[in-house]
Structures are given as C-alpha cells and as structure tokens.
Amino acid sequence: MCGRSCMTLDPNEIVCACKYKVNNDEELKEPAYRNEYNLGKKYIPSYNIAPTDICPIIVSSKHLNDDEISSNRTVLPALWSLIPKWHKGDYRKHGLTTNNARFEGLTDSKLYKPLLDRGKRCVMVIEGFYEWKTTDLKAKSSERSVYFVHMPQNDKIKIEDKSSWNGLCEDLKLMYIAGLFDVWNDEVGDSIYSFTIITYESDI
DNA sequence: CCAGACGTTGTT
DNA sequence: GTCTGG
DNA sequence: CCAGACGTTGTT
DNA sequence: GTCTGG
C-alpha cells in the first residue's frame, strides 16, 4: 500500500496548488518553498516516485527556524523513507523499511514515537498513488494491473492529462498524506530531510 | 549485564 | 541513541 | 511499490 | 526465492 506515487509538478506549481486559508481570511496564502540540499539529491518531478526518491512535503515553518520564511507552511524536498536519527555511515544502509509507518502501535515505536512527541508531523503532497492488484500476484510484476488513485477533479481538469490543467494549479486537487519527518546528519554534519507516511489497515 | 532491535509489505 | 529480551 | 541482482577469477 | 536499491 502506498509504495509508488505521482508528482509531476514543479516547485512553483506545487506552492500554487497548495494555497490555503488562514482563519476566515478571503485571501489564500501560498506556502514558502525551501530548496534543501539533501546531500545533493534533487527532487525530480515524475509520474513514478519510488521510496528513497526525493519528493515534496509540507511542514510547519516553525521547524525550520528561518527568519526569512514568510509563510507558516513550507514545502521542502525530502527523502521518502525515514532515516533513523541514530544511524551512522551510509544513509542508505540502515536496513529498515520506513516508507510506511503503521498507525497501529505508532505510539509504542522506538523509531516513530519520538517524532510524534517532538511534533515532527508532515504532509506528503502528491497527484495520486498506484495500487497493484493483489489477486494476480503470480503474474510478473510488470504485467500486473495497476490503478491510479487520485482526488476527484472539477470538469475542466483531467489529472492524467497535464495539458488540461496547465496553468490551473489553483484548481488542482492534490492528495495530502499524513506523515512524520526528521533531519538526519552525517559525520561531517551534512543533512537530509526524510519522512514516512502513516498507513492504516484497509477497510476494503 | 550485553546483544540486538529499531520496520513494512503480501500471501499461504 | 535507547529500549527489550535473554 | 517494482526491477534487478544474486558471483568470482585474473589481467589489461 | 529473496534481498537490495531506487
């Protein structure tokens, strides 16, 4: 569940699509965008975002102690699969599966509970995600049927066809997935933002 | 005390 | 780094 | 989540 | 078949 997602927007399109209301103001506010270095790994817009790729999340700007940030929400690129804070060495070699965090038992987790306590909440912003049929599991994975799950859109917009909504970012309905994030530091002090998304046993 | 986990997915 | 199991 | 590796020897 | 890397 939730192991592949789609985000083809550029940063400027994302902040436009993520405008939000503050209290009862008429005016919509745009989140800030912060281009984290993340050890040189860049966000590359793609219809096929995999765990360990870099993709955008939204966090409260209070976590970034940066006076230049005007908005109370910030979009920043982060690595999808939380890197444990205690991990040393190559950031890819922690050996844990952390792209998803199960809601059940989250408060008992050595890895995730401290993030809850520190308020390290985030939201993964995507156009949608993919679900493969589990029924034909014996088939080669490349030949299994796949569904694209996304938000309902207004009449003008067909989400599979970018030309139908180019320049209409404000009308685009993106999907927001609850998650937890952290900053991991390597031996020389360079950092990577990483995150996990919270999953729950399906009703269906 | 030390050693080892710390996490998830799916199906039988 | 910190908790759990032995 | 899928795709792709999964291994070693020696020399240029 | 199963693990790793993206």
Side-chain angles (χ1 to χ4, degrees), chain A residues 1-8 36-57 63 76-151 159-160 174-204:
Chain A
M1 183 199 194
C2 280
R4 284 298 163 123
S5 57
C6 173
M7 177 43 99
T8 66
E36 282 299 331
Y37 177 62
N38 288 327
L39 264 62
K41 277 175 74 82
K42 296 277 191 312
Y43 162 56
I44 299 162
S46 168
Y47 60 86
N48 185 9
I49 305 265
T52 72
D53 286 344
I54 301 278
C55 52
I57 59 173
H63 292 293
L76 58 96
L79 186 146
W80 180 17
S81 285
L82 187 89
I83 304 168
K85 198 141 195 83
W86 62 74
H87 179 69
K88 304 286 180 215
D90 188 331
Y91 69 90
R92 294 164 297 186
K93 299 279 169 66
H94 56 76
L96 300 179
T97 301
T98 59
N99 56 313
N100 291 168
R102 282 227 81 124
F103 177 73
E104 304 89 333
L106 204 58
T107 53
D108 301 320
S109 165
K110 283 207 252 303
L111 182 54
Y112 301 128
K113 173 67 161 39
L115 300 180
L116 282 174
D117 293 343
R118 289 158 56 216
K120 292 290 192 180
R121 293 173 291 136
C122 71
V123 167
M124 184 190 199
V125 197
I126 56 175
E127 285 158 60
F129 64 88
Y130 304 97
E131 277 287 346
W132 278 263
K133 269 198 167 185
T134 52
T135 46
D136 39 35
L137 200 75
K138 278 162 285 181
K140 276 186 284 177
S141 51
S142 59
E143 284 157 17
R144 293 211 285 147
S145 13
V146 64
Y147 297 94
F148 182 50
V149 182
H150 58 82
M151 301 302 280
I159 199 160
E160 293 95 335
L174 296 179
M175 194 177 279
Y176 298 102
I177 303 186
L180 297 166
F181 80 102
D182 205 356
V183 188
W184 177 84
N185 294 292
D186 69 10
E187 275 87 3
V188 298
D190 286 328
S191 60
I192 304 185
Y193 280 80
S194 65
F195 70 98
T196 185
I197 54 176
I198 297 170
T199 61
Y200 188 81
E201 177 143 23
S202 171
D203 331 347
I204 316 163

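Note on naming: letters A, B, ... go to the chains in the order of the sequence lines (proteins, then strands), and numbering restarts at 1 for each one. Values in this document were obtained by computation on a predicted structure and should not be read as measured data.
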Gap in Å between the two C1' atoms, one belonging to B:dC1 and one to D:dG10, rounded: 49 Å
Between E:dG5 (C1') and A:I83 (CD1): distance, integer Å: 14 Å
Using the C1' atoms only, state how far E:dT2 lies from B:dT8, rounded to an integer number of Å. 15 Å
Assign A:T52 to base, sugar-phosphate, or nothing according to its heavy-atom contacts below 4.0 angstrom with the strands shown. base
For A:Y47, does the OH atom sit with more than 12 other heavy atoms under 6.0 Å from it, leaving out its own atoms? no
Using a heavy-atom cut-off of 4.0 Å across all strands, would you classify A:S5 as base, sugar-phosphate, or nothing? nothing
Separation of A:N48 atom CG from E:dG5 atom P, in whole Å? 19 Å
Can you label the angle between the A:H94 ring and the A:H87 ring as parallel, tilted or perpendicular, going by 30° and 60°? perpendicular
Let's see if you can work this out: which of D:dC1, C:dG1, B:dG7 has an atom nearest to the side-chain heavy atoms of A:W132? D:dC1
Are A:F129 and A:H150 close enough that their ring centres sit under 6.0 Å apart? no
In whole angstroms, the gap separating C1' of B:dT8 from NE2 of A:H94 amounts to 12 Å
With respect to the phosphate group of B:dT9, does any side-chain polar atom (N or O) of A:N100 fall under 4.0 Å of OP1 or OP2? yes
Phosphate OP1/OP2 of D:dC1 contacted by A:R144 side-chain N/O (<4.0 Å): no
For the pair made of CG in A:D182 and P in C:dG1, what is the distance, rounded to whole Å? 14 Å
Looking only at atom C1', what distance separates E:dG6 and D:dG7, rounded to whole Å? 22 Å
If you check every side-chain atom of A:K110, which of C:dT2, B:dT9, D:dC2 has the closest atom? C:dT2
Say you pick atom P in E:dG5 and the same atom in B:dG4; how far apart are they, in whole Å? 22 Å
I'd like to check, for A:W86, whether its ring lies over the base of B:dC6 with centroids under 5.5 Å apart and a plane angle smaller than 30°. yes
Quick one: do A:R118 and A:D182 make a salt bridge, cutoff under 4.0 Å? yes
Contact class for A:K41 vs. all strands (heavy atom < 4.0 Å): base, sugar-phosphate, or nothing? nothing
Among the nucleotides E:dG6, B:dT8, B:dC6, which one has an atom lying closest to any side-chain atom of A:L111? B:dC6
May I ask you to say what A:P51 touches in the nucleic acid, namely base, sugar-phosphate or nothing, with a heavy-atom cut-off under 4.0 Å? base
Measure up the A:Y91 and A:W184 rings against each other and bin them: parallel (under 30°), tilted (30 to 60°), perpendicular (over 60°). tilted
If I take atom CD1 in residue A:I177 and atom P in nucleotide D:dC1, what distance separates them, rounded to the nearest angstrom? 14 Å
Does D:dA5 have a Watson-Crick or wobble mate here (both distances under 3.5 Å), and if so which one? E:dT2
If I take atom CD in residue A:E104 and atom C1' in nucleotide B:dT8, what distance separates them, rounded to the nearest angstrom? 12 Å
Whole-Å distance separating the CG atom of A:L96 from the C1' atom of C:dG1: 14 Å
If every non-hydrogen atom of A:T8 is compared with every non-hydrogen atom of A:Y43, which pair is closest and at what distance? C-OH, 4.3 Å
Give the rounded distance in Å between these two atoms: NZ of A:K93 and C1' of E:dC3. 13 Å
What's the gap between B:dT9 and D:dC2 when it is taken at their P atoms, as a whole Å value? 13 Å
Applying a 4.0 Å non-hydrogen cut-off, can you work out what A:Y112 is touching in the nucleic acid: base, sugar-phosphate, or nothing? sugar-phosphate
Hey, does A:T199 reach any base, or is it just sugar-phosphate, or nothing, if we go heavy atoms under 4.0 Å? sugar-phosphate
